[in-house]
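Have a look at the structure below before the remarks.
What you are looking at is a predicted structure, and each value in this text was computed from that prediction instead of being measured.
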Amino acid sequence: MLILGIDTSCDDTSASVINGRKILSNIVSSQISFHRKYGGVVPEIASRKHIEWIWNVTEQALNEAKANFKDIELIAVCHGPGLIGSLLVGLCFAKALSYASQKPLVAVNHLEGHILSIFLEEEPEFPFISLIVSGGHTSLYRVDDFGKYKELGRTRDDAAGEAFDKIAKMLGLGYPGGPIIDSLAKKGNPEKFNLPRPYLHKSFDFSFSGLKTAVKLLIKNLGYEEGSLDEDIKKDIAAAFQSAVVDVLIEKIKWATEFENIKTVVITGGVAANSELRERCLKLKEEGLNVYLPSKALCTDNAAMIAVAGYERYLRGEKSDLFVNAKAYLPL
Ligand code: KG4
Ligand code: ZN
């Protein structure tokens, strides 16, 4: 069964064709160069770029998959959560395709897409603990089956990826900060500066804004202006910050597996591409947990994850009508 997936939830215009759970194409057209000079995503620019690109990106996905649109049997599209203007572009495009071709449409929650992205490559057994750790979300779920998600905790302020991006901005490193901090941290000493680990004892919630303030104060106390630090100091702060975030994520995963008595863990979302987090997951495996991480390209936003989540919903009898709306806030 050929499925066309579409995701325009933030600043990536993405379309994918999958056959069952097998990826035939997964085009992600990044708008980063248009947002970089503003140090973050500008919603108005993002939606305009989606309008300009969505047609070409979809054609590219069909061409790369060597598929003809008439052979597509299902259209899956992300309808939230995300930037409302961005979401509307993908959703209206998908609705128009569905209406004109009379092909079924399934609207997908972006978070479900992240959780199920692992099924494009592997087949973890239910139940599992899922950590979504991205630019917009940091949430822990207990997943009992496709469509059965129980939220255990979430961030009370910034998402982990957002914290990476903000710290990178303070260090004058550019946008998006996650991958830059990741590579810089490899050359730094994580023990040079002692940053707090916000564990929020007895809670599965997260909080990263205090860590952000701690870095701000550290920069000030060291006598630097934000954005103009010595190269060596940048590396050490990047390493200290990253290890603080990774410590918290790993510790919460362990608590959740113990509390729920579940040994399988799936970690997805942009920050799951982080090398230190991935290395620490190997240690979790040695400690007896079955840890699943998608390959890096499937951690960050992409339409294949929307396609597979839509496919699983369709298999269970779900279809969306043309009244389905985009939602900036859409819990699972
Ligand atoms: O999942 P994603 O593409 O979009 C959202 O749904 O938010 O995640 C993007 C986030 C950004 O904050 C980016 O800085 C972060 O993921 N990120 C990373 C890495 N690669 C991307 N954070 C840490 N280390 C990385 N290697
Ligand atoms: Zn995402």
Next on the checklist: Checking L152 against E260 for the side chain to side chain contact (heavy atoms under 4.5 Å, CB included) test, could you report, in this order, the C-alpha distance in whole Å, the side-chain angles of both residues, the deciding distance, and whether it holds?
Outcome noted: CA-CA 10 Å; L152 303 174; E260 296 289 335; 3.3 Å; yes
Item to check | Step-by-step side chain to side chain donor-acceptor pair (under 3.5 Å) determination, S207 to D157 | outcome: CA-CA 6 Å; S207 169; D157 39 59; 2.6 Å; yes
Item to check | Intermediate values then yes/no, side chain to side chain contact (heavy atoms under 4.5 Å, CB included), T257 and V265 | outcome: CA-CA 8 Å; T257 57; V265 178; 3.5 Å; yes
Next on the checklist: Before you tell me yes or no, could you show the steps for R48 and E44 under salt bridge (charged side-chain N to carboxylate O under 4.0 Å, His left out), namely the whole-Å CA-CA distance, both residues' side-chain angles and the distance that decides it to 0.1 Å?
Outcome noted: CA-CA 6 Å; R48 279 169 193 269; E44 185 59 27; 2.9 Å; yes
Item to check | Test log, rule side chain to side chain contact (heavy atoms under 4.5 Å, CB included), inputs K254 and F259 | outcome: CA-CA 9 Å; K254 284 194 196 168; F259 186 79; over 6 Å; no
Checklist entry - Passes side chain to side chain donor-acceptor pair (under 3.5 Å), D230 versus Y224? Steps please. => result CA-CA 9 Å; D230 288 350; Y224 290 103; 2.8 Å; yes
Checklist entry - What do the steps show when you test D301 against V28 for side chain to side chain contact (heavy atoms under 4.5 Å, CB included), and what is the final call? => result CA-CA 8 Å; D301 287 351; V28 182; 6.0 Å; no
Checklist entry - Going through the distances and angles, do E312 and R316 end up as a salt bridge (charged side-chain N to carboxylate O under 4.0 Å, His left out)? => result CA-CA 6 Å; E312 294 298 335; R316 282 155 191 81; 2.8 Å; yes
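When atom types are taken as modelled, the side chain of S86 and the backbone of G82 share no donor-acceptor pair closer than 3.5 angstrom. K252 places a side-chain N or O within donor-acceptor distance of the main-chain N or O of D205, the cut-off being under 3.5 Å. For N109 (side chain) and L330 (main-chain N/O), a donor-acceptor pair under 3.5 Å exists by modelled atom type. The backbone N or O of A94 sits nowhere less than 3.5 Å from a side-chain atom of S98 that would complete a donor-acceptor pair. Looking only at distances, no side-chain donor or acceptor of E112 sits under 3.5 Å from a matching main-chain atom of A309. Panel note: side chain N302, backbone M305; a donor-acceptor pair is recorded below 3.5 Å. With S25 contributing its side chain and E64 its backbone, the two residues share no donor-acceptor pair below 3.5 Å.
Looking only at side-chain heavy atoms (C-beta outward), S14 and T8 stay at 4.5 Å or farther from each other. Residues V77 and V106 fail the side-chain proximity criterion, which asks for heavy atoms closer than 4.5 Å. Counting heavy atoms from C-beta on, the side chains of L62 and V17 come closer than 4.5 Å. You'll find the side chain of V143 stays beyond 4.5 Å of the side chain of K148, heavy atoms only. Put simply, the side chain of H137 does not reach to within 4.5 Å of the side chain of R154, judged on heavy atoms. At a threshold of 4.5 Å between non-hydrogen side-chain atoms, the residues L249 and F206 count as touching. Side-chain contact between C299 and R278 is present, with at least one heavy-atom pair separated by less than 4.5 Å. For the pair V248 and P198, the minimum side-chain heavy-atom distance is below 4.5 Å.
Nearest heavy atom pair, residue A168 against residue I181, reads N-CD1, 3.8 Å. Between P81 and L87, the shortest heavy-atom distance links the atoms C-CD1, 4.0 Å. Closest of all the heavy-atom pairs between A76 and I3 is CB-CG2, 4.3 Å. A304 and N26 make their closest contact through N-OD1, 3.2 Å (heavy atoms, listed as atom of the first residue, atom of the second, distance). Residues L88 and A326 approach most closely at CD2-CB, 3.9 Å, considering heavy atoms. For the pair A46 and H35, the tightest heavy-atom approach, listed with the atom from each and the gap, is N-CE1, 3.6 Å.
Side-chain atoms of S275 and K186 form a donor-acceptor pair, as typed in the model, at a separation below 3.5 Å. Using modelled atom types, one finds a donor on one side chain and an acceptor on the other under 3.5 Å when comparing D7 with H110. Under 3.5 Å, the side chains of N274 and Q242 contain a donor-acceptor pair of N or O atoms. Side-chain contact annotation: D11 with H50, donor-acceptor N/O pair under 3.5 Å absent.
Crowding of Y199 atom OH: a count of heavy atoms from other residues, nucleotides or ligands under 6.0 Å exceeding 12. Within a 6.0 Å radius of CG in N261, other residues, nucleotides and ligands contribute 12 heavy atoms or fewer. Shown here is K22, whose NZ atom has no more than 12 heavy atoms of other residues, nucleotides or ligands within 6.0 Å. Within 6.0 Å of CG on N194 lie no more than 12 heavy atoms contributed by other residues, nucleotides or ligands.
Atom-to-atom distance recorded for L200:CG and R156:CZ is 5.0 Å, nearest 0.5 angstrom. Note that OG1 of T213 is 12.0 Å distant from CG of L218, once rounded to the nearest 0.5 Å. Here the NZ atom belonging to K95 is positioned 8.0 Å from the CG atom belonging to D321, to the nearest 0.5 angstrom. Distance check, rounded to the nearest 0.5 Å: CD of E276 to CG of D182 gives 8.5 Å. Atom NZ of K327 and atom NE2 of H79 lie 7.0 Å apart (nearest 0.5 Å). With rounding to the nearest 0.5 Å, the separation of CG in L289 from OG1 in T264 is 8.0 Å.
Using a cut-off of 4.0 Å between Lys/Arg side-chain N and Asp/Glu carboxylate O, E121 and R21 are scored as not salt-bridged. Salt-bridge annotation for K166 and E162: present, with a side-chain N of the basic residue lying under 4.0 Å from a carboxylate O of the acidic one. Of the charged side-chain nitrogens involved, none lies within less than 4.0 Å of a carboxylate oxygen, so that K283 and E287 do not count as a salt-bridged pair. Using a 4.0 Å cut-off between a side-chain N of Lys or Arg and a carboxylate O of Asp or Glu, D144 and R142 qualify as a salt bridge. Using a cut-off of 4.0 Å between Lys/Arg side-chain N and Asp/Glu carboxylate O, E251 and R197 are scored as not salt-bridged. A salt bridge links K212 to D158: at least one charged side-chain nitrogen sits closer than 4.0 Å to a carboxylate oxygen.
Cation-pi geometry between K49 and F34 is satisfied (NZ or CZ under 6.0 Å from the ring centre, within 45° of the ring normal). Taking the ring axis of F69 as reference, the NZ or CZ atom of K103 stays within 45° of it and closer than 6.0 Å to the ring centre. Taking the centre and axis of the six-membered ring of Y141, the NZ or CZ atom of K150 falls outside the cone set by 45° and 6.0 Å.
Under the ring-ring contact (aromatic ring centres under 6.0 Å, His included) criterion, Y175 pairs with no residue at all, not counting sequence neighbours.
The aromatic rings of W55 and F93 stand perpendicular to each other, their planes meeting at an angle above 60°, with 30° marking the opposite boundary.
Checking F128, F126, Y314 one by one against F146, the ring-ring contact (aromatic ring centres under 6.0 Å, His included) holds for a single residue, F126.
Aromatic ring centres of F193 and F241: separated by at least 6.0 Å.
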